[in-house]
Amino acid sequence: MALQRPKGTQDLLPSQTAKWQYLEEMMRKVCREYGYEEIRTPIFEATELFQRGVGETTDIVNKEMYTFLDKGERSITLRPEGTASVCRAYVENKLYAGPQPVKLYYIGPMFRYERPQTGRYRQFHQFGVEVLGSEKPVVDAETISLVWDLYQRLGLKNLEVHINSVGCPSCRADHRQKLQEFLAPRREELCPDCQDRFERNPLRILDCKNPKCQKLTQGAPTTADTLCEDCQGHFNALQELLQAAGVVFRVNPRLVRGLDYYRKTAFEVMVEEIGAQSAICGGGRYDGLTEEIGGPPTPGIGFAMGMERVLAAIEVQKAMPDQVERPFVMVAALGKEAEGKGFALLQALRHAGIPAGMDLLGRGLKAQLKNADRQEAKLALLIGEEELQKDSFILRDLSLGEQQEFPWQDALALISQRYREEHGS
Ligand code: AMP
C-alpha cells in the first residue's frame with residue numbers, strides 16, 4: 001500500500017505554495033514597515049519550556065503536545081506555539097541588554113495533537129510577533145494595528161476585532177473571587193471541563209464554547225468590572241490609540257486568557273465566513289512570562305495568526321491576486337543542433353531576467369507548440385531544419401497567432417524589447 005501523510009498534516013502543492021509565498025511576502029513587508037525583525041528559533045525545544053511558558057493547566061500542555069525522549073533521554077517537544085521560544089531566546093541571548101523594546105516576528109510550523117477538522121490541523125503555520133521590553137499601551141496599539149493593516153493590505157473584509165483587558169494579578173484576584181461567588185450555586189450544572197476550571201482557572205469559564213456554560217455565565221462579573229486604576233487607564237489609552245489609527249474594534253468583556261502571566265490586553269480577530277474555526281489571530285500582553293522562564297522581569301505583548309485560516313479567508317472572499325508565473329517565451333527547437341542553439345539562447349534569456357522555458361521531453365515541434373499554449377506563454381521561438389540553415393528563427397505570438405522570421409543574431413535583443421514593452425520596464 002502506498003504510504004500516506006500523517007493525519008492532520010498537509011502537502012502544499014505548487015498551486016498552493018504560490019499563495020503561501022504571497023501571504024508570507026505581505027507579512028514580511030508589513031513587518032519591515034513597522035520595524036519588526038525576524039527571529040528563527042528551533043522547531044523543537046526542551047519540554048519544560050512549554051510546561052513553564054505555556055502553562056501546566058492549558059489544553060496545549062495537558063493534551064496536545066508532541067513530546068518524546070530523544071536518544072540522550074531528554075524530553076523534547078515539537079513547538080506548539082512560538083511565544084515561549086521567543087522569550088527563551090530573548091533571555092538566553094541577553095537581548096534585554098540591548099536597546100528596548102525588541103520587536104520580533106516569526107513565520108513557521110507549529111504542532112498540536114488536536115482533532116483535525118476544517119481549519120484545525122496537527123501541523124499548522126503561524127505568523128506571530130512579540131514585543132519585549134515595553135509596558136506602554138502604545139505597543140499594544142501598534143501590534144493590533146499591524147494585524148489590522150496586514151488584513152487591509154490582503155483585502156480582507158468582515159473582520160471582527162475583539163479586545164478586552166484581563167487585568168493584572170491584583171485586580172484579577174478580586175475578579176476571581178466575585179466570579180466564584182457568582183458561579184458557586186451553578187457549579188454542578190457547568191460542563192465537566194468548567195467544573196474542573198472552577199478552582200484552577202475560573203476565568204476561562206467565561207469563554208467556554210459550551211452553550212449551557214454560556215447561558216450559566218450570563219450576567220457573570222467580567223474582568224472589566226474589577227479593573228484597577230492602572231489597568232483601566234491602560235485599557236482606555238489603548239482604545240483611544242486604536243481609534244486614532246482607524247482600527248475598527250469591539251470591546252468583548254468575555255474574551256479572556258486564563259494564565260497568571262497574562263496581563264491587561266487580550267485580543268482576537270475572527271472571520272465568520274471560514275466556519276467554526278473562525279479565529280484567525282489571537283494575542284495579548286504577557287508581562288509575567290519572561291520571569292516564569294527564568295529571565296529578568298520584562299513586559300511583553302504579541303499575537304499569533306493561523307496562516308491556513310488567513311488563506312481560507314482570502315479564498316472565500318476571493319481576495320487572492322493571480323499568482324501563476326507564466327513563461328514569457330517558450331523555445332521550440334527540433335533536432336540536436338537546434339536544441340543546442342536554443343538552449344544557449346534560453347539561458348541568455350533567463351540571465352536577462354525573462355521567464356523562459358523549453359521542451360524537456362524531446363517532443364515534436366507541433367507538440368512543443370501545444371505545450372507552449374498550455375503554459376500560456378506569450379511567445380514561442382521556433383528553430384527547425386530550415387531556420388538552422390538560414391541562421392534565423394521564427395517568432396510566433398501565441399495569443400494573436402501571428403508569426404514572423406528574424407535573423408538569429410537579433411533574438412535576445414528582440415525578445416528583451418518585447419518583454420520590456422509588455423512589463424513596462
Ligand atoms: P493560539 O496560539 O492557540 O492563541 O492560536 C493562535 C492562532 O493560531 C489561532 O487564532 C488560529 O488562527 C491558529 N491556530 C491555532 N491552532 C490551530 C490549529 N490546530 N490549526 C490551524 N490553526 C490553528
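Ligands are counted one by one from 1 in listed order, and the atoms in each one are counted from 1 as well.
- Short contacts between ligand 1 and C281, defined as distances under 4.0 Å to a heavy atom of the residue, involve ligand atoms 10 (O).
- With hydrogens and angles ignored, the 3.5 Å screen pairs a side-chain donor or acceptor of E81 with a backbone N or O of T83.
- With hydrogens left out, the protein atom closest to atom 4 (O) of ligand 1 is R257 NH2, 3.5 Å, a heavy atom.
- In terms of protein heavy-atom proximity, atom 14 (N) of ligand 1 is nearest to F124 CE1, 3.7 Å.
- When atom types are taken as modelled, the side chain of E73 and the backbone of L69 share no donor-acceptor pair closer than 3.5 angstrom.
- For ligand 1, one of its N or O atoms has an N or O atom of G306 under 3.5 Å away.
- Of all protein heavy atoms, the one lying nearest to atom 12 (O) of ligand 1 is A279 O, 2.9 Å.
- With a 4.5 Å cut-off on side-chain heavy atoms, F235 and K264 do not count as touching.
- Inclusion of Y121 in the set of residues having an N or O under 3.5 Å from an N or O of ligand 1 is warranted.
- Checked against side-chain hydrogen bond (donor to acceptor under 3.5 Å, both in side chains), T217 has the following partners two or more places apart in sequence or in another chain: R254.
- Nearest protein heavy-atom contact of atom 19 (N) of ligand 1 is E114 OE1, 2.5 Å.
- Atom 7 (C) of ligand 1 has A304 O, 3.6 Å as its closest protein atom, hydrogens excluded (heavy atom only).
- Heavy atoms from both the backbone and the side chain of R120 come within less than 4.0 Å of ligand 1.
- In terms of polar-atom proximity, defined here as any N/O pair under 3.5 Å, E308 makes no such contact with ligand 1.
- Between R28 and E38 there is a salt bridge, since at least one side-chain N of the basic residue sits less than 4.0 Å from a carboxylate O of the acidic one.
- Around atom 3 (O) of ligand 1, the closest heavy atom drawn from R112, Q277, Q117 belongs to R112.
- When E81, M305, R309, M270 are checked for heavy-atom proximity to atom 11 (C) of ligand 1, R309 turns out nearest.
- Under a 4.0 Å N-O distance rule, the pair E25/K29 does not qualify as a salt bridge.
- Shown in contact with G119 at under 4.0 Å from a heavy atom are these atoms of ligand 1, numbered in order with element: 20 (N), 21 (C), 22 (N).
- Side-chain polar atoms of Q277 and Q117 form a donor-acceptor pair below 3.5 angstrom.
- With respect to E135 and R263, no salt bridge is recorded, no charged nitrogen being found less than 4.0 Å from a carboxylate O.
- Between E422 and R418 there is no salt bridge, since no side-chain nitrogen of the basic residue lies less than 4.0 Å from a carboxylate oxygen of the acidic one.
- In the vicinity of I280, heavy-atom distances shorter than 4.0 Å reach the ligand 1 atoms 10 (O), 12 (O).
- Only side-chain heavy atoms of Q126 come within less than 4.0 Å of ligand 1; its backbone N, CA, C and O stay farther off.
- With respect to the salt-bridge test (charged N to carboxylate O, under 4.0 angstrom), the residues R153 and D149 do not qualify.
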